[in-house]
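Here's the structure, in structure tokens; my notes come after.
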There are 2 protein chains.
Amino acid sequence: MSKTSTIKSRASGKATLASVAARAGVSAMTASRALSQPERVSDAVRARVGLAVAELGYVPNRAARALASAQSNVIVVLVPSLSNAVFTAVLEGIEDAIGSGNYQLLIGNTRYSDAEEEKLLGIYLQSNPDGILLSSLSQSARVARMLAASNVPLVSMMDLGSAPGQLSVGFSQFDAGRAMTRYLIGKGHRRIGFIGAQLDERTLRRADGYRKAMDEAGLLDARLELMVGEPSTIALGAQLVQRMLAQAPDCDAVFCCNDDLAHGAIYQCQRRGIKVPEQLAVCGFNDLPASAWMTPSVTTIATPRYRIGFEAASLLLALIKGEAPPAAQVDLGFTLMARESA
Amino acid sequence: MSKTSTIKSRASGKATLASVAARAGVSAMTASRALSQPERVSDAVRARVGLAVAELGYVPNRAARALASAQSNVIVVLVPSLSNAVFTAVLEGIEDAIGSGNYQLLIGNTRYSDAEEEKLLGIYLQSNPDGILLSSLSQSARVARMLAASNVPLVSMMDLGSAPGQLSVGFSQFDAGRAMTRYLIGKGHRRIGFIGAQLDERTLRRADGYRKAMDEAGLLDARLELMVGEPSTIALGAQLVQRMLAQAPDCDAVFCCNDDLAHGAIYQCQRRGIKVPEQLAVCGFNDLPASAWMTPSVTTIATPRYRIGFEAASLLLALIKGEAPPAAQVDLGFTLMARESA
DNA sequence: CTGAAAGCGCTTACAG
DNA sequence: CTGAAAGCGCTTACAG
């Protein structure tokens, strides 16, 4: 006569909405409403259901909810790196914007790899996300196809898009690269080298901005460019400044595509007795915390990474709610921090 | 006569296993098997199902699978910070260990807050995770209760546990703190200050190790301790070394509970004309990349963070498969990096 | 090697 | 304000 005499039960044994409802003396429906739309239920019911939930230690089953409602409450975020402080700041902005909602963030680290991005997206799309946040404007053909087929709302971060209908939050990497180069030119430098690593989309755009400024000033010279595919590190910056000086001994300034590289370059100069900025001006990009504290302090571009994450997530949330985006592109700008190193 | 004449369909419109099966001319069951256990199905069936999947652009629905199988393929990871390079390295280790599986990582940033940890865990537990990875040995009473009630396999990272049945992968924070302090004592320092920030579990244990070593050498003096709850930053390190020197002017060495603080302390000394290590020795903890490159290079403790993540995830995976853990505690050790600053 | 039936735990769409 | 029925898209447990 026992209720537990069922033979082939697949039940988890945990409290379910049905058990909560039974305990509260209402239907499953009403229990469901008491939890998700408490204002649409009588005070008495709300109290009884709340009590039953506590007594049973009920934890809603997200999979069941997702399946029944066709709403996952999942937001996918793809970043190219976690070891880069830029993207962890973006993530914090996203977290804060998502805030108190019942959203679940699915964070994917693509490691600057198309294959990895494809793999992660393939897995994450199985969760039927409500929205996607990407750290790039373009992607591999396969990823682009997956994205299009999924039909999930999407916002790009870090740069500004131009394709119609493409939503993006960031700043112009091109303009920032050009602004820094013009600054160096304005300081009287003529043989300005560009050191680029990783060679991701953003680095390439900064390099384009550098070239544009150099060209406008009649200073463009391919021998002043040093581009390598390896990930940016302090060690690599130290190594590349050496190579730059070897390939262009008359180089009087170096524009590093990010601060890690710039820090490494400066540390290396210190070791080799090269005075910064007197003998060689060095500047970076992103304004990591150490840049303001090092000696010499580092001239760089401060980027609104936290705000990019925050605004991009806010925009995505609006999209998910079905609101029309106020603008396709949100330009958050950048700030050139003129310090001692250049 | 159209098949789409259903009135109140809740279907998503996307391809389902059933539609794949129909196209391949098999039952849903067989289609399911063709995908999850391809070796148990005939070559012909496997090929036809594969074709149907491609033609229809079928994406499995994870929620449905989780609900039916009571297996989420989700692993929850809770870290106290993302801006701390230590934990992003841990995450990369975890990602690599999870590797090619179909697992989904649910990464939560608790920001060193019990309330946030509780909130995140509450949300993540709804996903019915297969396993949990935590960055601490102990937690708030409510979180501990949630964890116990969930009955999900769990591995702690970063430190070594002592409670029976508690699985942990890391190294002894206490021993590391003591080792560094002994090193400084061995160098002839007597008035060794300890600078601690954030005051999380790990920092507190390092401080305990420091006290133990100081006490053993008869050098313990509470005025040499400076502990603040704020998050560790370079700026804070700069500020705290000043305060330390004010409260203990005869201090001849400073043990910073992490490298960020140590870097800030050294930068500040440079600005104030205090020679490191001649006038004040400074050491840190974690061995961040800059520590090897700065001038002076920074004496610190190298911690196996990537390996901690990797081994902890490997252990968890074994647990999930039902294997018995080879050991309750996996001690990965640490390495004292004696450099120029102390 | 393959399949018909039932069920996982919720919510939708109605109806009252 | 409340509820009975059906269904979301899979897999389990059997059976053949």
Side-chain angles (χ1 to χ4, degrees), chain A residues 6-49 52-53 56-73 102 125-128 130, chain B residues 6-49 52-53 56-73 102 125-128 130:
Chain A
T6 325
I7 297 175
K8 51 171 194 169
S9 167
R10 289 166 56 189
S12 60
K14 294 180 185 162
T16 66
L17 232 208
S19 64
V20 167
R23 180 151 195 138
V26 296
S27 71
M29 270 274 25
T30 300
S32 170
R33 260 192 297 255
L35 295 176
S36 53
Q37 313 171 62
E39 70 286 358
R40 297 194 47 187
V41 120
S42 73
D43 292 354
V45 164
R46 201 180 313 129
R48 271 186 293 149
V49 170
V53 164
L56 262 25
Y58 171 65
V59 176
N61 182 319
R62 220 177 169 92
R65 169 196 278 257
L67 187 56
S69 69
Q71 250 234 321
S72 62
N73 274 316
N102 191 30
L125 247 18
Q126 299 179 355
S127 290
N128 212 343
D130 293 344
Chain B
T6 327
I7 296 175
K8 50 172 190 167
S9 166
R10 289 165 56 189
S12 61
K14 293 179 186 163
T16 66
L17 232 209
S19 63
V20 167
R23 180 150 196 140
V26 296
S27 71
M29 271 273 26
T30 300
S32 170
R33 260 191 297 253
L35 295 176
S36 53
Q37 312 171 63
E39 71 285 359
R40 298 195 45 187
V41 119
S42 72
D43 292 355
V45 163
R46 202 181 313 128
R48 272 186 293 150
V49 170
V53 164
L56 262 25
Y58 171 66
V59 176
N61 182 319
R62 218 177 171 92
R65 167 196 280 254
L67 186 57
S69 69
Q71 249 232 324
S72 61
N73 274 316
N102 191 29
L125 246 20
Q126 300 179 354
S127 290
N128 213 342
D130 292 344

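As the structure is a prediction and not an experimental result, all values here were calculated from the model. These values consider heavy atoms only, across backbone and side chains, with no hydrogens, waters or symmetry-generated copies.
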Discussion item. How many whole angstroms separate atom CD of B:Gln71 from atom C1' of D:dT11?
Written reply: 11 Å
Discussion item. Rounded to whole Å, please give me the gap between CG in A:Asn73 and P in C:dT11.
Written reply: 11 Å
Worksheet, complete the sentence: Rounded to whole Å, CD of A:Gln37 lies from C1' of C:dC10 at a distance of 14 Å
Discussion item. Checking contacts here: which listed nucleotide (D:dT11, C:dT11, C:dG9) is nearest the side-chain heavy atoms of A:Ala64?
Written reply: C:dG9
Worksheet item: If pairing requires Watson-Crick or G-U wobble contacts with both distances under 3.5 Å, which nucleotide is the partner of C:dA13?
Response: none
Response to the item:
Rounded to whole Å, the CD-P distance (A:Glu39 to D:dC1) equals 9 Å
Worksheet item: Has B:Ser42 got a side-chain N or O lying under 4.0 Å from the OP1 or OP2 atom of C:dT2?
Response: yes
Worksheet item: At their closest point, which heavy atom of A:Ser127 faces which heavy atom of A:Ser72, and how far apart are they?
Response: O-CB, 3.2 Å
Worksheet item: Between B:Arg40 and C:dC1, is there a side-chain N or O to OP1/OP2 distance below 4.0 Å?
Response: no
Worksheet, complete the sentence: Testing C:dC10, D:dG9, C:dT11 for proximity to the side chain of A:Ser32, the answer is C:dT11
Fill in: Atom pair distance, as rounded to whole Å: CG in A:Asn61 and C1' in D:dC8
13 Å
Item to complete: Hey, which sits more toward the 5' end of DNA chain D by its nearest nucleotide, B:Met29 or B:Leu67?
Response: B:Leu67
Fill in: Nucleotide nearest B:Ala68 when distance is taken to its side chain, options C:dC8, C:dT2, D:dG3
C:dC8
Worksheet entry | d(CG, A:Leu35; P, C:dC10) in whole Å | 9 Å
Item to complete: State the pairing partner of C:dA4; accept Watson-Crick or G-U wobble contacts with both distances under 3.5 Å, and report none otherwise.
Response: none
Item to complete: Please indicate whether B:Arg65 has more than 12 foreign heavy atoms, meaning atoms of other residues, nucleotides or ligands, lying under 6.0 Å from its CZ.
Response: no
Worksheet item: Checking A:Ser36 side chain against A:Ser32 main chain: does a donor-acceptor pair fall under 3.5 Å?
Response: yes
Practice prompt. For A:Asn73 and A:Asn102, indicate whether the former's side chain and the latter's backbone hold a donor-acceptor pair under 3.5 Å.
Written response: no
Worksheet item: For B:Gln126 and C:dC8, what is the distance between atoms CD and P respectively, to the nearest whole Å?
Response: 20 Å
Worksheet item: Looking across every strand, which nucleic acid part, if any, lies under 4.0 Å from B:Arg33 by heavy atom: base, sugar-phosphate, or nothing?
Response: base
Worksheet item: D:dT2, D:dT11, C:dT12: which one has an atom nearest the side-chain heavy atoms of A:Val41?
Response: D:dT2
Worksheet item: With sequence neighbours left out, which residue pairs that include part of residues 34-48 of chain B fulfil the salt bridge (Lys or Arg N to Asp or Glu O under 4.0 Å) condition?
Response: B:Asp43-B:Arg46
Worksheet item: Which residue, A:Arg65 or B:Ser27, contacts DNA chain C at a nucleotide closer to its 5' end, judged by nearest heavy atom?
Response: B:Ser27
